[in-house]
Amino acid sequence: QVQLVESGGGLVQAGGSLRLSCAASGRTVSSYAMGWFRQAPGKEREFAAGISWSGGTYYADSVKGRFTISRSNAKNMVYLQMNSLKPEDTGVYYCASSWASSPRSPAEFEYWGQGTQVTVSS
């Protein structure tokens, strides 16, 4: 059984930083693509960052240069370092896992965590 558990969300002022963590069990993060999505109130879930099984990273234009996705194979965890946060980054952040090579669409991800809330105040 695959489980993904996010942590690290919270309230931060604009310009601040947060580091999200995703602990995986039942699936090795280095063997699959992993992604971070976010969903603001009243909006659809959107892709933020991904890391392929080979370690290549890719980002949505809205977060490029500010967010960094990484993983620890030893700990079987995935991280999202978020810097220069903006109020529009507010939302629930989800970790997800996929069989695809470099997926961006939510439909390409088979497993999801429960989400962690990120709130950026202006």
Side-chain angles (χ1 to χ4, degrees):
Q1 181 180 359
V2 177
Q3 285 191 321
L4 303 173
V5 180
E6 302 95 336
S7 62
L11 173 64
V12 64
Q13 288 189 333
S17 299
L18 280 175
R19 187 194 193 207
L20 305 183
S21 299
C22 172
S25 59
R27 176 171 279 197
T28 303
V29 298
S30 59
S31 298
Y32 298 87
M34 300 294 296
W36 284 96
F37 287 76
R38 62 188 185 182
Q39 188 167 18
K43 295 188 176 181
E44 292 188 352
R45 194 170 297 188
E46 65 172 9
F47 170 80
I51 183 167
S52 67
W53 65 268
S54 63
T57 59
Y58 49 105
Y59 301 90
D61 288 343
S62 58
V63 308
K64 199 173 294 182
R66 299 187 298 122
F67 290 12
T68 302
I69 187 171
S70 62
R71 71 186 183 205
S72 167
N73 296 342
K75 296 182 179 180
N76 209 37
M77 293 188 68
V78 179
Y79 306 98
L80 186 67
Q81 177 67 44
M82 305 185 296
N83 299 327
S84 302
L85 283 162
K86 305 175 181 179
E88 51 264 43
D89 294 318
T90 294
V92 178
Y93 281 70
Y94 298 90
C95 174
S97 181
S98 172
W99 282 95
S101 58
S102 298
R104 289 176 178 261
S105 167
E108 297 179 277
F109 288 80
E110 304 89 41
Y111 295 100
W112 294 83
Q114 83 290 347
T116 184
Q117 176 70 44
V118 171
T119 303
V120 184
S121 64
S122 58

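One is the number of the first residue; the rest follow in order along the sequence.
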Taking every non-hydrogen atom, the tightest pair across Leu20 and Thr116: CD2-CG2, 4.0 Å
Thr28 side chain to Ser31 backbone, donor-acceptor under 3.5 Å: no
Would you compute the distance between atom CZ of Arg38 and atom CZ of Arg45 and round it to the nearest 0.5 angstrom? 13.5 Å
Atom OG of Ser98 and atom CE of Met34: how far apart are they, to the nearest 0.5 Å? 9.5 Å
What closest approach, in Å, do Ser102 and Ser52 show between heavy atoms, and which atom pair accounts for it? OG-CB, 4.1 Å
So if I apply the side-chain contact (heavy atoms from CB on, under 4.5 Å) rule between Met82 and each of Val12, Val120, Asp89, Val118, which one comes out positive? Val118
Working to the nearest 0.5 angstrom, can you tell me the gap between Tyr93 OH and Ser7 OG? 15.0 Å
Under 6.0 Å between the ring centres of Tyr32 and Trp99? yes
Nearest heavy atoms of Ser121 and Leu11, plus distance in Å: CB-CD1, 4.3 Å
Please find the pair of heavy atoms, one from Ala14 and one from Pro87, that lie closest to each other, and give the distance. CB-CD, 4.1 Å
Looking only at atom types and distance, does a side-chain atom of Gln114 sit under 3.5 Å from a main-chain N or O of Val5, one as donor and one as acceptor? no
First locate atom CD of Gln81, then atom CG of Leu18, and finally report the distance between them rounded to the nearest 0.5 Å. 8.5 Å
List, by chain and then residue number, the residues other than Met77 in its hydrophobic cluster (Ile/Leu/Val/Met/Phe/Trp/Tyr, side-chain heavy atoms under 4.5 Å); write none if there are no others. Tyr79
Do Phe47 and Phe109 have their ring centres less than 6.0 Å from each other? no
Tell me which pairs pass disulfide bond (SG atoms under 2.5 Å apart) where either residue lies in residues 8-105, with sequence neighbours left out. Cys22-Cys95
With hydrophobic residues grouped by side-chain heavy-atom distances under 4.5 Å, do Tyr94 and Trp36 end up in a single group? no
Taking every non-hydrogen atom, the tightest pair across Val29 and Ala24: CG1-CB, 3.6 Å
What distance do Ser30 atom OG and Arg71 atom CZ have between them, rounded to the nearest 0.5 Å? 5.5 Å
If hydrophobic clusters are built from ILVMFWY residues whose side chains come within less than 4.5 Å, do Val92 and Leu4 share one? no
Using a 4.5 Å cut-off on heavy atoms from C-beta on, say whether the side chain of Thr90 contacts that of Gln117. yes
Determine which pairs satisfy side-chain hydrogen bond (donor to acceptor under 3.5 Å, both in side chains) with at least one residue from residues 103-112, sequence neighbours left out, and list them in order. Arg27-Glu110
As an exercise, state the distance from CG of Leu80 to OH of Tyr59, rounded to the nearest 0.5 Å. 7.5 Å
